[in-house]
Amino acid sequence: MQHLHVFNSLNRQKELFEPLFPPRVGMYVCGPTVYNDVHLGNCRTFVSFDIIYRYLLHLGYKVRYVRNITDVGHLVGDTDEGAESKVDKQARLEQKEPMEIVQHYTNGFHQMMQTLRTLPPSIEPTATGHLLEQIEMVQAILKNGYAYINNGTVYFDTAKLIANFPDYGKLSGKKVDELIAESRDNLKHQSDKRHPTDFAIWIKADPNHLMKWQSEWSLGFPGWHLECSAMSTKYLGKEFDLHGGGMDLQFPHHENEIAQNIGACGNSPARYWLHTNMMLLNGRKMSKSDGNNVMPKELFSGNNGFFSQPYSPMSFKFLLLQTHYRSTLDLTEGGLESASKAYQRLMKLYQTLLNISPAAQPDAAADAEISLFVKKAAEAMNDDFNTPEVLSLMFQIAPRINDGFIAKASAQQLDALKTSFRQFLFDIFGLYDETEADSQHQDSHLLAATLDLILKMRAGARARKDFATSDLIRDNLLSIGIQIKDSKTGATWEKI
RNA sequence: GGUCGGGUGGCCGAGUGGCUAGGCUCAGCUCUGCAAAAGCUGCUACAGCGGUUCGAAUCCGCUCUCGACCUCCA
């Protein structure tokens, strides 16, 4: 595959990626609701899209990557009146200002994204910062006849949309007939909504609701789906290239986003919809309520009831890379351990590769092997970002690097291989060498332990009255800047 | 119940009609004073049953089974 193909959820097949306005690419990803610590499943999604973002940049596209922060509107219960906002609920629980909650968990989210070495998006808009845009969108939807008002709450009229745009449901594979059939059965249970698939785009706040704004319909707040429509339209236009998110957002969130955009702008917003699959823990869905859940910090510290040891952020990220983003990923001890070792081996391999010098008499076979690697790796990434395949290719060429065969390559080809490895590992996958990064910390530890050993050996020499050896140690250490000081209680050292 | 997607060797996990990824584990060998690293070799699998085909993990049908979504979730 010479050109990038992506799996488009809209048509359930891989399609050639053609931006609307090359070389520019507009990309929108649904960000977190900042009412709690970010969890591992969130991390998977954002790491996946980070790699997609990085790869698009690598291909030379000028990408505007928008990822929102949901700080209002995401409800705990149903969208009917009386439902509580997640942020509101947490604020009450922690006895804090809602914006205090928002700030706290936004900070934590950013820290975790940094820990996992993801790039910040181009724009990270918040829902509360775009009330005006959202209100304007509600107005537009009302004006176009795709919404109705009931008791100060504005509902999107899905039945009306389906009548004019039968594609509603296409993204999530829902059949319009079934949605309608369902509505007949359930209609009697509905209070303010005309149709069960209708959803609130502006919600009248009950009196003790903390976050609320004045609008022409009521003192209230925007519906959850609305912010993404409003902000993607504002920053990427009515139609843009890529829209991403977790698979669980496909319905109803993304379906309703499309509905809102059609209702307000007359067209579906994104041309390619990408969805990342879910992460499981020991074969079961991660869920806070039944305890089958590990937080990122708990994974990295080892302080959890699931795994026998801590696993580093890069080990975890490597595990993500070993699985395609559209497959479910089962987080297990064996998987983490395997990924951790493979990651360390790959980092070592890269160092080995860097130290190889080109041969004076190049061997065409070595050159050919490198060409094949570069070609296949590009093909793998172009095939819907197949990172497991790229890693597999790297490990396939690993023996040829380690046994010296690749050293027979020409300077040009060897350089190409080094560049390719560097680009994949660091620029596209966003890995880094943890042992190297931690080395400053570790070096002082290492120095102390090493000198401790040397001093013990010197003490042994002195005990044997082998002063030639003990002086050799002392003088040599002094010449490299370490002063030994003997005392009654033993020897100590210091840097001079 | 409806919709959708899976079931691959000890474990994890790519792969969509022939050329039987890769990682980890395990066993053995080479190298090596010992160890580590590295290299090499072995364990050669596609849930089951039928069908299509010269040929299927890959296509079709049925069965079993797991999961996701349908309700807040990345």
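Naming: A, B, ... by sequence-line order, numbering from 1 per chain. Just so it is clear, the values below take in all heavy atoms, side chains as well, and ignore hydrogens, waters and symmetry mates. Quantities reported herein were computed from a predicted structural model and do not represent experimental measurements.
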Taking the side chain as C-beta and beyond, is there a heavy-atom pair between [X] and [Y] under 4.5 Å?
X      : Y      : answer
A/S229 : A/Q134 : no
A/V72  : A/W213 : yes
A/Y35  : A/D71  : no
A/I51  : A/T118 : no

Specify the separation, in whole Å, of atom [atom1] of [X] and atom [atom2] of [N].
X      : N     : atom1 : atom2 : answer
A/N292 : B/G67 : CG    : C1'   : 13 Å
A/Y325 : B/A68 : OH    : P     : 21 Å
A/H39  : B/C72 : NE2   : C1'   : 11 Å
A/L321 : B/A14 : CG    : C1'   : 13 Å
A/Y28  : B/A74 : OH    : P     : 13 Å
A/L372 : B/A21 : CG    : C1'   : 13 Å
A/H253 : B/C70 : NE2   : P     : 13 Å
A/H324 : B/G15 : NE2   : P     : 7 Å

If a stem is a run of at least 3 consecutive Watson-Crick or G-U pairs, both distances under 3.5 Å, which stems include RNA chain B?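 Stems found: B:1-7 with B:64-70, B:10-12 with B:22-24, B:26-30 with B:38-42, B:47-51 with B:59-63.
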Side-chain N,O ([X]) to OP1/OP2 ([N]) below 4.0 Å:
X      : N     : result
A/K285 : B/C69 : yes
A/R400 : B/C40 : yes
A/S327 : B/A14 : yes
A/N402 : B/G39 : yes

Looking only at the side chain of [X] (C-beta and beyond, no hydrogens), which of the listed nucleotides [options] gets closest?
X      : options             : result
A/L249 : B/C69, B/C12, B/A74 : B/A74
A/F46  : B/C12, B/C69, B/A74 : B/A74
A/N386 : B/G15, B/A74, B/C70 : B/G15
A/T323 : B/C12, B/C72, B/G13 : B/G13

Could you name each residue pair satisfying ring-ring contact (aromatic ring centres under 6.0 Å, His included) that touches residues 99-129 of chain A, not counting sequence neighbours?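 Passing the test, one end in residues 99-129 of chain A: A/F46-A/F109.
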Euclidean distance for [atom1], [N] against [M] (whole angstrom):
N     : M     : atom1 : value
B/G42 : B/G23 : P     : 14 Å
B/G50 : B/U58 : P     : 14 Å
B/A45 : B/C12 : C1'   : 14 Å
B/G13 : B/U53 : P     : 36 Å
B/U8  : B/A14 : P     : 11 Å
B/C59 : B/G15 : P     : 13 Å
B/C4  : B/U63 : P     : 15 Å
B/C26 : B/G10 : P     : 16 Å

Does the ring of A/F7 carry A/R326 above it, NZ/CZ under 6.0 angstrom from centre and within 45° of its axis?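 The answer is yes; both the distance and angle limits are met.
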What donor-acceptor contacts under 3.5 angstrom involve side-chain atoms of residues 245-254 of chain A, with partners at least two apart or in another chain?
unit_1: A/Q250; atom_1: NE2; unit_2: A/L171; atom_2: O; d: 2.8
unit_1: A/H253; atom_1: ND1; unit_2: A/H225; atom_2: ND1; d: 2.9
unit_1: A/H254; atom_1: ND1; unit_2: A/H275; atom_2: NE2; d: 2.8

Grab the N/O contacts between the protein and nucleotides 56-60 of chain B below 3.5 Å, and write none if there aren't any.
none

Strictly by modelled atom types, are [X] and [Y] linked by a side-chain donor-acceptor pair under 3.5 Å?
X      : Y      : result
A/Y65  : A/E124 : no
A/T115 : A/Q111 : no
A/N261 : A/T233 : yes
A/D50  : A/S48  : no
A/N355 : A/Q351 : no

Separation of A/L242 CG from A/I52 CD1 (nearest 0.5 Å):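 Those atoms lie 7.5 Å apart.
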Would you say the ring centers of A/F426 and A/Y350 fall short of 6.0 Å from each other?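 Yes, the ring of A/F426 comes within the 6.0 Å limit of the ring of A/Y350, centre to centre.
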Between A/H209 and A/F221, is the ring centre distance below 6.0 Å?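 Aromatic pair counts; centres sit under 6.0 Å.
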Are A/D427 and A/R54 ion-paired here, with the side-chain N under 4.0 Å from a carboxylate O?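 No.
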Going 5' to 3' through nucleotides 22-30 of chain B and flagging B where a protein heavy-atom sits under 4.0 Å of the base, S where only the sugar-phosphate is that close, and - otherwise, we get SBSS-----
Sugar-phosphate, base or nothing in reach of A/G245, heavy atoms under 4.0 Å: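 Answer is sugar-phosphate: A/G245 comes under 4.0 Å of backbone atoms only.
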Regarding A/P388, tell me which of base, sugar-phosphate or nothing describes its non-hydrogen contacts under 4.0 Å with the strands shown.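 Contact class for A/P388: base.
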Taking RNA chain B as the partner, which of residues 272-283 of chain A come within under 4.0 angstrom of it by heavy atom?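 When residues 272-283 of chain A is checked for heavy atoms under 4.0 Å from RNA chain B, the hits, listed by number, are A/N277, A/M278, A/M279.
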Starting from the 5' end of RNA chain B, give me the residue, A/D248 or A/E389, whose nearest nucleotide shows up first.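 Its nucleotide being nearer the 5' end, the pick is A/E389.
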